[in-house]
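First the structure, in the form of structure tokens, and then the observations on it.
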Amino acid sequence: MIKTRIAPSPTGAIHIGLARTALYNFFYSRNKKGKFLLRIEDTDRERSTEASLNSIIEGFKWLGIEWDEGPFFQSQRFGIYKRFADKLIEENKAYRCFCSTDRLRNEREQASKEGRAWKYDRLCLNLTDDEIERKLKAGDPYVIRFFIPNGESVYNDLIHGEIRKKHSDIEDFVIMRSDESFTYNFSVVVDDALMGITHVIRGVEHINNTFKQILLYKALGFNPPLFAHLPLILGPDKKKLSKRHGASSIDEYRQDGIISKALVNYLTLLGWSPGDNREIMDLADIIALFDVKRVKKSNAVFDKDKLLWMNSMYIKEMDIEALSDEVLSFIKHQGINGMLSVIDKDRDYFYRVLELIRDRATTLVDLIETARIYLFEDYDIEKKAMKYIKTGIEHLKLIKQRYEALEVWDKSHLEEELRALSEERGEKAGLFIHPVRAALTGRKVGPPLFDIIEVLGKIRTIKRLDRVINMYII
RNA sequence: GGCCCCAUCGUCUAAUGGUUAGGACAUCACUCUUUCAAGGUGAAGAUACGGGUUCGACUCCCGUUGGGGCUACCA
């Protein structure tokens, strides 16, 4: 059985790249009927935070990502790593290094100034047992470095094919820090091996690490898993997407009123496509079709416009109940006051309002702002709408009288009545239509007028017309 | 600098070595229409460059250029 994992480090909110990697791992495991696990890589004590951990878990849940095992925490597994590190030292596959960070930094700086490459010079490899013993006794701080043997490594990347690298290009990297915590490359190998991960799917920035890790797998006596390296998601400037680019965490999109299904759908298509021209796909479709073999090699620029378009498609085409649920949970998540009780009072009316306004909304924020107008009677009247009202005040009075007397309240009767009135007066229907929309919604533009009036119902309509007319009586 | 990865419209992408190089977003035009959208129709828009291999190359090989990533006691 295959097993994949997502292994975030809790040093910030879920950014777009992490979300997509998680999604691909999740899809792949589901497609292959395997398992998917969550592991928190909190070996960096300095940067890991509880807040970040919570927002990652909450974010994955929002995206609909479900893990079968975990979360596991690397910070709780140092004992395990220690055993394997000790074993490597015993077998002379790793060694203690007492070099000061100052010396290392100076060497590196000097080398880069002279335009030459530098890797650790193995000074401490030549230490005699006596010297090591003495330093240990003196309590000198040390790190453990992994000894890179001579040779070359090759592996077959599921996306990129065969990639090779000479060991002479890899340095004896640190696996245990001087504070006895373990570095990423080491803990990730021990964990992936022990947890039975069969497929490691992650960003291309890890290709170089892959060779270090494969060497570690072998030194430790484990079989390496299969690797698939995903293309990067870039900002508009074609640099790796980051905080610099504005909204780079999924939380920001959530707050902007993006529906998680739309975000998932969009992210899925950044680097992968099913091969036919399908774009709008639900989770079941994606899982059924997903395969890492179809993942692109080249990086992709994140296009917010297309995300917004996709979000608007979801808003337009979702079941009305599902859309309502999205709106409700958004309101709760954002802590918007006063709306929930009004919606609950008349759920059917809310559905009709959503149906009326959904076509014109791009985000949940738009949707809620517009819904407000229909839900509350104290809606504001925009300047542009006010102009229509001013010039059309007499028409408003006339149509109000007619509508008060109207018995069948549906859009065809409403339209008939208004058109009859305008014809009687030899005027264009627009002279009525525009002021009425302006009066009823406070907006110059919006849905077709008779749809608005039908949804509003007779009571609200008359009340709203009165309110506006009265503004001019005083 | 060294190592590694990548290269189709502005962007996301499709194309067993044989297609008028397809679709989507964005843009523009037309259409529908009481407004604004949506929808419909259409336009414009790409194989980075140079060499090979081949009857035939977006596709395979080499080089150039360009872009990106990594180069820590971060992950």
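Sequence lines set the chain letters: A, B, ... in the order given, protein chains first and strands last, and positions in each chain run from 1.
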_Taking the C1' atom in each of B:G56 and B:G69, what is the distance between them to the nearest angstrom?_
37 Å
_Distance check, C1' atoms only: B:A26 and B:C9, in whole angstrom units._
12 Å
*Please give the nucleotide sitting opposite B:A75 as a Watson-Crick or G-U wobble pair, both distances under 3.5 Å, or none.*
none
*Return no unless some side-chain N or O of A:Arg360 is found under 4.0 Å from OP1 or OP2 of B:G39.*
no
*Does the pair A:Lys212 and A:Asp172 meet the rule for a salt bridge (Lys or Arg N to Asp or Glu O under 4.0 Å), with working shown?*
CA-CA 9 Å; A:Lys212 297 179 181 175; A:Asp172 291 350; over 6 Å; no
*NZ/NE/NH1/NH2 to OD/OE distance under 4.0 Å, A:Glu355 and A:Arg352*: no
*What's the verdict on salt bridge (Lys or Arg N to Asp or Glu O under 4.0 Å) for A:Asp285 and A:Arg278, showing C-alpha distance, side-chain angles and the deciding distance?*
CA-CA 10 Å; A:Asp285 293 335; A:Arg278 291 174 67 185; 3.1 Å; yes
*Gap in Å between the two P atoms, one belonging to B:A46 and one to B:A21, rounded*: 12 Å
*Which listed nucleotide (B:C73, B:C5, B:C3) is nearest to the side chain of A:Thr101?*
B:C73
*Counting only side-chain N and O atoms of A:His160, is one of them less than 4.0 Å from OP1 or OP2 of B:C6?*
yes
*Between A:Arg419 and B:U34, is there a side-chain N or O to OP1/OP2 distance below 4.0 Å?*
yes
*Give the rounded distance in Å between these two atoms: OH of A:Tyr120 and C1' of B:U71.*
18 Å
_Proximity of A:Phe186 and A:Phe173 rings by center, below 6.0 Å_ = no
*What nucleotide among B:A15, B:C3, B:U13 has an atom nearest to a side-chain atom of A:Asp169?*
B:C3
*Residues in side chain to side chain contact (heavy atoms under 4.5 Å, CB included) with A:Lys135, at least two apart?*
A:Phe98, A:Leu127, A:Asp140
*Taking the side chain of A:Ala117 as heavy atoms from C-beta outward, which of B:U8, B:C73, B:G1 is closest to it?*
B:G1
*Please check the phosphate of B:C36 (OP1 and OP2 only) for any side-chain N or O of A:Lys384 closer than 4.0 Å.*
no
*What is the base-pairing partner of B:C70, counting Watson-Crick and G-U wobble geometry with both distances under 3.5 Å?*
B:G2
*Which one, B:U11, B:G69, B:G39, comes nearest to the side chain of A:Met313?*
B:G39
*Find the partner of B:U53: check Watson-Crick (N1-N3 plus N6-O4 or O6-N4) and G-U wobble (N1-O2, O6-N3) distances, both under 3.5 Å, and reply none if neither fits.*
none
*Does B:C28 have a Watson-Crick or wobble mate here (both distances under 3.5 Å), and if so which one?*
B:G42
*Please check the phosphate of B:A14 (OP1 and OP2 only) for any side-chain N or O of A:Lys296 closer than 4.0 Å.*
yes
*asked:* Ignoring hydrogens and geometry beyond distance, is the side chain of A:Lys316 in donor-acceptor contact with the base of B:A38 at under 3.5 Å?
replied: no
*Among B:A7, B:C4, B:C12, the one nearest A:Lys297 by side-chain distance*: B:A7
*Quick one: does A:Ser178 reach the base of B:C73 with a side-chain donor-acceptor pair under 3.5 Å?*
yes
*Is the distance from OP1 or OP2 of B:A72 to the nearest side-chain N or O of A:Arg108 less than 4.0 Å?*
yes
*Rounded to whole angstrom, note down the P distance from B:G67 over to B:C28.*
30 Å
*Could you give the distance separating B:C62 and B:C4 at their P atoms, to the nearest angstrom?*
14 Å
*At under 4.0 Å, does any side-chain N or O of A:Thr183 touch on OP1 or OP2 of B:C73?*
no
*Pick the P atom in B:G22 and in B:A14, then give their distance to the nearest Å.*
15 Å
*Phosphate contact (B:C25 OP1 or OP2) by A:Lys304 side-chain N/O below 4.0 Å*: no
